[in-house]
Asks: 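The structure follows.
Read the numbers this way: they start at 1 and go in the same order the structure lists the ligands and their atoms. Any value given below was found using the heavy atoms of this structure, including those in side chains, with hydrogens, waters and symmetry copies removed.
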Amino acid sequence: MPYKFATRAIHAGQEADPATGAIMTPIYQTSTYKQRYPGEHKGYEYSRGTNPTRKALEDCLASLENGKYGLVFASGMAATDCVLRLLKPGDEVLTGDDLYGGSYRIFTKVYADYGIKFRFVDTSNVEAIREAITEKTTLIWIETPTNPTLQLADLEAIGRIAKSASIRYVVDNTFASPYLQNPLDMGADIVMHSATKYINGHSDVVMGALVMNDVELYKRLRFYYNTCGATPGPQDSFLTLRGIKTLHLRMKTHCENARKVAEFLKIHPRIETIYWPGFETHKGHEIAKRQMRDFGAVVSIVLKDADLEETFRIASRFKLFAIAESLGGVESMVNHSATMSHGSMTKEERERVGVVDNMLRLSVGIEDADDLVEDLRQALG
Ligand SMILES: *Cc1c(COP(=O)(O)O)cnc(C)c1O
């Protein structure tokens, strides 16, 4: 029997240090490794390609995503970039119209210049995906739940489409974390993470990850990883490993707190719309119930009768929710999506996917839920 999630979060990929018995994986702060004889080494040659601290993290993450192989990167965007290197001019990528702003930016402002075409569809609509596939489609890139309106994509249904058309299928699992959702089990070929968010969870590291099962795909991605070189150092790898040890505990509290916050906001007179997959009225609720273990801790709100200025004023009244880019840390954060995470989209593109000027995205932390609700109460007035 494989160990359960919490046990793997603490032990997978991690053995006591053979040299000293140290329980914690040491920070192997070294760029290179002494060889006994030219070409005779212990599996480590140069730290761009391999480092023992980083390897422990990669093995742990692979285990948590029910995958065979893990690769970690200096950021989530570096992980995304590595996947996009699989593409050739003329290829088409099918992706969501409600994407993380940085993904949208690398697609449209970097890879589009290399002759790769990106089609943006509503990925909560499986038929829209099926219809948008052409003979040139070689990659499907899905985010679920999406940022910031938390739309759900049916991972298994998309997996079946991708498989029947032999299209590579990638899922950005950042918002759910491996604790809530495991896309490889639902047909994905690659799971991508911004480990900066829930996986590390302490807002002190920027880190990305890919997990997969196919050995040939792993070898190809590992080739780009070593060749292009956006690999993280051992300090950050150590911190992320340390963060992961409490991933299950943090996620449980994140989700509990989010429910309390969402329930308070849902009936608040200053709220026009609230997005949270845990509500039965949320469009993707049934899919979320089926493919996630809980509903996550990102809650987005649209303020009633508030212009940009009033929205900013409310955001600046929070005492606990910090105005910040990012999410998934132990501390609560509030993000103004239109000017922050989605700042690289035009106003028109943003509004088409519901990112209006009077929207705020909350990343509910693991402080006491009563204090968080009180903070929202005072800020909303
Ligand atoms: C933050 C984020 C990324 C980018 O990751 P970085 O670690 O910031 O480079 C990608 N996708 C999603 C959904 C994110 O939230």
Asks: Charged N to carboxylate O below 4.0 Å: is that the case for K55 and E58?
Replies: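 The answer is no: the pair does not qualify as a salt bridge.
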Asks: Give the residue and atom name of whichever protein heavy atom lies nearest to atom 2 (C) of ligand 1, and the separation in Å to one decimal.
Replies: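 For this ligand atom, the closest protein heavy atom is K197 NZ, 2.5 Å.
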Asks: Below the 3.5 angstrom mark, is there an N/O of M77, backbone or side chain, next to an N/O of ligand 1?
Replies: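 Yes; the residue has a nitrogen or oxygen that sits under 3.5 Å from a nitrogen or oxygen of the ligand.
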Asks: Using a strict 4.0 Å threshold on nitrogen-to-oxygen distance, state whether E263 and R259 make a salt bridge.
Replies: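 So E263 pairs with R259 through a salt bridge.
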Asks: For atom 3 (C) of ligand 1, find the nearest protein heavy atom and state the residue, atom name and distance (0.1 Å precision).
Replies: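 It is Y100 CE2, 3.3 Å.
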Asks: Quick one: does T196 get an N or O within less than 3.5 Å of an N or O on ligand 1?
Replies: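 In this structure, T196 places an N or O atom under 3.5 Å from an N or O of ligand 1.
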Asks: Can you tell me if CG on D305 sees more than 12 non-hydrogen neighbours from other groups inside 6.0 Å?
Replies: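 Atom CG in D305 is not packed in, count stays at 12 or less.
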Asks: Can you list the atoms of ligand 1 that are under 4.0 Å from a heavy atom of D172?
Replies: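 Once the distances to D172 are compared, the set is 10 (C), 11 (N), 12 (C), 13 (C).
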Asks: With the threshold set at 4.0 Å, does a side-chain nitrogen-carboxylate oxygen contact exist between K289 and E286?
Replies: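 Here K289 pairs with E286 in a salt bridge, since their nearest N and O are under 4.0 Å apart.
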Asks: May I ask you to list the atoms of ligand 1 that are less than 4.0 angstrom from any heavy atom of G76?
Replies: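 Per the distance check, 5 (O), 6 (P), 7 (O), 9 (O).
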Asks: Hydrogens and angles aside, do Y28 and D17 bring a side-chain donor and acceptor to less than 3.5 Å of each other?
Replies: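 Note: Y28 and D17 side chains meet the donor-acceptor criterion.
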